[in-house]
Structure formats: structure tokens, C-alpha cells
Amino acid sequence: MAEHGAEEHPHGADRLCPAGDRVYSRAVRRGRVPRCDAEQVPCLLELALLHPDPDDMDWLVPTAPQEVMTRLLRGVYDEVSDSQRRVGSAVAAFEWYAGLGGRSPQATAGEGSAIRVLDGLSRIQAAMDEATEACTTEVLTVQPGGIRPEDELTEGLHRALALRGRGVRMRDLYTHVARHGQGLLNYLELMGGTVQARTLDEVIDRLILFDRTVAFIPANADRTLALELRHPALVGYLVTVFERLWRLAIPLTAPLPDTGIEGISHREQSIAALLAEGHQDAVIAERLGISVRTCRAHIARLSETLGAASRAQLGVRIAQVGLVGPPRAADGPAAGGRPLSLPDQGAPTGR
């Protein structure tokens, strides 16, 4: 039965077959369905969307949609997290190889064109200015942190306008907190349809991609070193990471999804998941782009809403209501770390 069902229903819980959709929807509406209703849709049992009613084995009860959603999102989150870790490992390896001495002139020349270590803010800025001037198609950026100060946005506005004048399209990823910055909203209105912006609970550290041929990433934590990457395989990999995050992100103009739990906001759901993973307040605040004070205020509201008298009890309550798997998309190798070491590049590429 299991093999037969797998052949006729080759799908996951994220894309049910029409018959499975009908039976599962009916089970959710009615609370349960007769076992015979599921004979033609073994996929629902294989995917644990239906399971026997302990009070009457002739009936099947549905797994709650919220639990199914949590399971799906956790799978996506794990997949993206694995990609982020692989990016971090690749970057660390490139740094190590770039620092090796005693290479032949031919090898040095070849590698120099694929990866450059930019030492000092002036060299970093010059390299990024050169890439900006040469850009003809698109700029992709990931902007960590919270609300972006207006002076940062204004500083590089002339570069953004120059890109727009050449018809260059820009896509920017921010954290959800950036939605509350009026400066960013003003910048997007000024740029019109040239710039698209989306947000996530968390993003990786700053990443800047020009025309899918050159990328800039940080090389240390004090804004004095950066890597300029031109190796096609590595740049292509970073583009893939960006595109996956982009698909998971929410357009800046769209509202954040409701948590489905009365009294708990989307941000509090994200905080609850990070608490469940054992992170400290300061780490959670850094990853979500908010202050520690704001983070603790949200934790206090979570405790009040869930009726928890202590942090230990709060963890239990979080698990009980299903907040351990929120819609988070990124948990990169530098998440929770200090800001990227690239200097501000203005509206499309600044911090």
C-alpha cells in the first residue's frame, strides 16, 4: 500500500494532489473523516496529515494546519541554513588560500582575478565604485541590521540615481524591522520601480552583487577588510543563496503574515523560536535588528500572553502553542555577529 501510494502521489505536504487536498480539507472542517475516505489518498497518512482517532480507529483525524505549516517552514529553514553554512565554509577556505604565500606567478595572477582581499576603506570604496560604474543590469544586496538612518541612505543616493539612469534594476533584502524606517520608505518612493525591497525575520550579513559577475562580502569585523569575488562558481553560488532568500522574503509593501495566535505578533513569534533554541537576549536582538531593551519588552509580553511566570516556564509554553518553528528564513554563519566590514555604498549597497 505504501509503495503504491508513493508512486501515484509523488508529492510532499507543500503540494497536495487534488484528491488529497479535498480529503484533508474536509477532515479539517469536520474534525475527522472515515478511514474509508482516505483509501484513495494514502499520501495523507504517509505525510502524517491524517492519523487514527485514538477513540475510534475507524476514523482519521487531521494534523492541525498550523503544525503542518510549522513543519514545512522548519524544513525550508534547515535547507537555507545549510546553504548559509556552506557559504561560510567556502568564504573561510578562500580567505585561507588567499593568505598562502609561495605561489607561482601564474597561479597568483589567476587567483588575483578571481578573489581579491581589499585592505583599507579607501581600497574597498574604490573597488565598489569601479563595480558600480561598470554595472549595466542589476544590483542585488542583503542589508542586515534594523532601521537604516536617513543620513546613510542620503550619502549614496547619487550612486543609486546614476544606476537608475542607466536602467539598472536593484533588489534589496532587509530585516522586518527596517519597515519602520521612514527614510527607507522615502528612498524607495524616490527610486520608483527601479528598486524592489523585501524583508525577512533574519538575513545574512551584507552581500553586494553586481551583474552576477562580482560580489563583495566582509573579511573581518572592524570594517577594514573585504573580499572582492569574481570566481564564476562562487558568485553563482551567492546568487543562488540570494534568490532563495528572496523567494522566502515578504515584499516591503505587503503586511507581515498573522501568527494565528491571539496576542502574539510576528516579531514575538520569531523571538519565541530563538528563545526555544537557547539564545540569549542580546543575540536575539542582534539577529532581528532590534535593541536589547525592545527584545526584552517583547519577551515580557510573550510571558504575559502565555501565562509564564519564569523563563523556564516560558519555554514550555512556547513549545505547547507551537511557536518553536516560526517563519524564519536565514541563519547564516555570521548571524548574530557584528556589522559587515564593507563601507557604506549608499542606498542600494549601504548598511
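This one's a predicted model, so the numbers in the text were calculated from it and none came from an experiment.
The closest side-chain heavy-atom distance from Asp129 to Gln125 is below 4.5 Å. Residues Val117 and Leu225 are in side-chain contact: their nearest non-hydrogen atoms beyond the backbone lie under 4.5 Å apart. Residues Thr141 and Leu207 form no side-chain contact, since every pair of their non-hydrogen atoms from C-beta on lies 4.5 Å or further apart. Looking only at side-chain heavy atoms (C-beta outward), His176 and Ile250 come within less than 4.5 Å of each other. A heavy-atom distance below 4.5 Å is not found between the side chains of Leu173 and Leu140. A heavy-atom distance below 4.5 Å is not found between the side chains of Ile115 and His231.
Contact detail for Leu200 and Ala249: the closest heavy-atom pair is CD2-CA, 3.5 Å. Of all the heavy atoms in Ala27 and Leu50, the pair that sits closest is CB-CD2, 3.8 Å. Pairing each heavy atom of Leu274 with each of Glu202, the nearest pair is CD2-OE2, 3.8 Å. The minimum heavy-atom distance between Ala197 and Tyr174, with the atom names listed, is CB-CE1, 3.9 Å. Closest non-hydrogen pair, Arg179 versus Leu185, comes out as O-CD1, 4.1 Å. The minimum heavy-atom distance linking Pro52 with Met57 is given by the pair CB-CE, 3.7 Å.
Heavy atoms from other residues, nucleotides or ligands lying under 6.0 Å from CD of Glu243 number more than 12.
With rounding to the nearest 0.5 angstrom, the CG atom of Leu234 is 9.0 Å from the CG atom of Leu227. Going from atom CG of Leu229 over to atom CD1 of Ile208 covers 11.5 Å, rounded to the nearest 0.5 Å. One finds the CD1 atom of Ile299 at 11.0 Å from the OG1 atom of Thr294 (value rounded to the nearest 0.5 Å). Rounded to the nearest 0.5 Å, atoms CG (Leu248) and OG1 (Thr199) are 12.0 Å apart.
Remark: side-chain polar atoms of Arg198 are paired, donor with acceptor, to backbone N or O of Trp246 under 3.5 angstrom. With hydrogens and angles ignored, the 3.5 Å screen pairs a side-chain donor or acceptor of Arg166 with a backbone N or O of Cys135. With Asp211 contributing its side chain and Glu138 its backbone, the two residues share a donor-acceptor pair below 3.5 Å. In this structure a side-chain-to-backbone donor-acceptor pair under 3.5 Å is missing from Asp53 to Trp59. Under a 3.5 Å cut-off, the side chain of Arg169 and the backbone N or O of Gly193 do form a donor-acceptor pair. Judged by distance alone, with hydrogens and angles left aside, the side-chain atoms of Arg35 form no donor-acceptor pair with the main-chain N or O of Leu60 at under 3.5 Å.
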>> Could you walk me through whether Leu188 and Gln196 satisfy the side-chain contact (heavy atoms from CB on, under 4.5 Å) test, starting with their C-alpha distance in whole Å, then the side-chain angles of each, then the deciding distance to 0.1 Å, before giving a yes or no?
In response: CA-CA 8 Å; Leu188 293 174; Gln196 297 180 58; over 6 Å; no
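Linking ILVMFWY residues whenever their side-chain heavy atoms come closer than 4.5 Å, directly or via other members, places Tyr24 and Leu45 in the same cluster. Residues Ile271 and Leu256 do not share a hydrophobic cluster, defined by chaining ILVMFWY side chains whose heavy atoms lie under 4.5 Å apart.
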